[in-house]
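Following: one structure in structure tokens, then a few remarks.
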Amino acid sequence: MIRICFVCLGNICRSPMAEFIMKEKLREKNLEENFLIRSKGTSEEEEGNDLYYPAKKVLEEHKIPYSLHQASKLKREDLDNFDYFIGMDDSNIKRMKDILKDDSKIRKLLPYDIKDPWYTRDFETAYQDITKGINNLLENLK
Ligand code: 4NP
């Protein structure tokens, strides 16, 4: 079992999008049983909130199913529960290191930052970047 936690700032846009895209790719490959996929945020700002509406819309446009989501903040205690914590941008990575106090399991989804669609309002670009990162991740996990 490989346990992966995707991490962004608010846990209502990028990291839950990554969670649902990854789950769908694993379903297509019949690999879901071998993975545990979750997502968290580095801030408590959105705690308890569902996936942001424009993020739902872009997933629907690309036929990626999603379920009810409740945003939650990454905690130091999560360290033992996952094999990888995958951040979206350098600011996420810095805050993940502060929270987890250990960088051995921390990775970035792409070599460059996945811009926050909460600010850019460009959910399609975020979707494309996240999908590219997940395709790379699946290749590297082979
Ligand atoms: P995310 O986007 O990190 O991709 O979930 C954000 C969502 C909410 C906020 C910031 C970023 N916020 O400040 O509430």
Side-chain angles (χ1 to χ4, degrees), residues 1-29 31-32 34-142:
M1 168 80 75
I2 301 176
R3 303 162 305 166
I4 297 174
C5 182
F6 292 105
V7 181
C8 63
L9 174 58
N11 191 219
I12 59 166
C13 302
R14 292 165 296 172
S15 64
M17 285 169 69
E19 175 183 339
F20 293 126
I21 295 166
M22 181 74 173
K23 284 178 172 169
E24 178 59 9
K25 301 239 173 219
L26 293 171
R27 250 193 306 273
E28 285 168 2
K29 295 176 195 295
L31 288 172
E32 349 159 42
N34 307 346
F35 288 82
L36 175 83
I37 309 295
R38 297 284 185 272
S39 65
K40 303 261 175 181
T42 60
S43 109
E44 62 257 299
E45 195 82 18
E46 299 288 342
E47 208 135 38
N49 288 346
D50 197 2
L51 185 60
Y52 189 46
Y53 177 68
K56 287 183 179 176
K57 224 168 80 182
V58 80
L59 291 180
E60 283 166 17
E61 282 163 12
H62 292 278
K63 307 212 169 358
I64 304 290
Y66 55 83
S67 53
L68 184 67
H69 172 72
Q70 273 201 313
S72 65
K73 188 183 177 207
L74 182 69
K75 306 236 156 46
R76 160 93 164 139
E77 301 82 79
D78 292 315
L79 187 61
D80 292 334
N81 299 331
F82 294 95
D83 302 304
Y84 299 104
F85 295 87
I86 304 183
M88 303 292 142
D89 62 33
D90 284 341
S91 158
N92 298 155
I93 300 292
K94 184 179 178 301
R95 294 187 66 173
M96 289 157 74
K97 286 179 182 167
D98 290 344
I99 293 168
L100 296 174
K101 305 192 190 337
D102 180 326
D103 60 9
S104 61
K105 298 178 173 180
I106 297 177
R107 306 284 185 274
K108 202 164 128 179
L109 188 55
L110 281 174
Y112 57 89
D113 285 355
I114 297 177
K115 291 201 188 85
D116 195 337
W118 176 265
Y119 300 108
T120 64
R121 312 312 297 173
D122 185 351
F123 286 80
E124 177 60 27
T125 297
Y127 173 86
Q128 296 298 341
D129 283 345
I130 293 165
T131 299
K132 191 161 146 193
I134 285 174
N135 287 337
N136 294 348
L137 177 64
L138 285 166
E139 276 301 308
N140 292 333
L141 287 169
K142 264 189 191 160

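Both counts, for ligands and for their atoms, begin at 1 and track the order of listing.
Other residues, nucleotides and ligands contribute only 12 or fewer heavy atoms inside 6.0 Å of the NZ atom of Lys97.
Between Lys56 and Tyr66 there is a side-chain heavy-atom pair separated by less than 4.5 Å. Counting only heavy atoms from C-beta outward, the side chains of Arg38 and Asp78 never approach each other to under 4.5 Å. Contact check for Asp129 versus Lys115: no side-chain heavy atoms found under the 4.5 Å cut-off.
Within 4.0 Å of ligand 1, heavy atoms belong to protein residues Cys8, Leu9, Gly10, Asn11, Ile12, Cys13, Arg14, Glu45, Glu46, Asp116, Trp118, Tyr119.
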Yes or no on salt bridge (Lys or Arg N to Asp or Glu O under 4.0 Å) for Glu28 and Lys25, after CA distance, side-chain angles and deciding distance? CA-CA 5 Å; Glu28 285 168 2; Lys25 301 239 173 219; 5.2 Å; no
Begin with the C-alpha distance, continue with both residues' side-chain angles, and end with the deciding distance and a verdict on side-chain contact (heavy atoms from CB on, under 4.5 Å) for Phe6 and Ile130. CA-CA 11 Å; Phe6 292 105; Ile130 293 165; over 6 Å; no
